[in-house]
Amino acid sequence: PGEAIPLEDLAPVPPGPNPPVRISTREPSLYDVFSPEGQLLGRVSPPARTRLVRMRGNQAWGVQLDSLDVPYAVRFRIEPALPE
């Protein structure tokens, strides 16, 4: 399901007689993770303002920005794929 974008993250509305419609919701990211051989390992769903950098085994590492745009190193567990 979609989630509301916090007011501080919304793009400013330009002044003018016909301002564009401002998008106020977003869909969460969900990534499928594959091995080098092409086998589906699982999924990871990082929060907004997160960029994944490296994945290995059942872990993924990334950089997440807080409300002041300060970057933090974060680690996520890759959820196993559903059995076939």
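- Note on residues 45-64: pairs passing salt bridge (charged side-chain N to carboxylate O under 4.0 Å, His left out), not counting sequence neighbours, are D9-R49, R49-D69.
- Remark: Q59 pairs with no residue by the side chain to side chain donor-acceptor pair (under 3.5 Å) rule, at least two apart or across chains.
- Applying the under-4.5 Å side-chain rule to Ile, Leu, Val, Met, Phe, Trp and Tyr, the cluster around L65 consists of that residue alone.
- For the side-chain contact (heavy atoms from CB on, under 4.5 Å) test, no residue two or more places apart in sequence or in another chain qualifies with V21.
- Residues passing the side-chain contact (heavy atoms from CB on, under 4.5 Å) test with S35, sequence neighbours excluded: E37, Q39, L41.
- Grouping Ile, Leu, Val, Met, Phe, Trp and Tyr residues whose side-chain heavy atoms lie under 4.5 Å apart, directly or via other members, leaves L30 alone, with no other cluster members.
- Listed by chain and residue number, R43 satisfy the side chain to side chain donor-acceptor pair (under 3.5 Å) test with D32 (two or more places apart in sequence, or in another chain).
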Evaluate side chain to side chain contact (heavy atoms under 4.5 Å, CB included) for T50 paired with F76, printing each intermediate quantity in order. CA-CA 11 Å; T50 302; F76 302 98; 3.9 Å; yes

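- In this structure the side chain of V44 reaches within 4.5 angstrom of the side chain of L52, judged on heavy atoms.
- Between P46 and Q64, the closest side-chain pair of non-hydrogen atoms is not below 4.5 Å.
- Scanning for side-chain contact (heavy atoms from CB on, under 4.5 Å) contacts around L68 gives D66, V70, with sequence neighbours left out.
- Of all the heavy atoms in S45 and S29, the pair that sits closest is OG-O, 2.8 Å.
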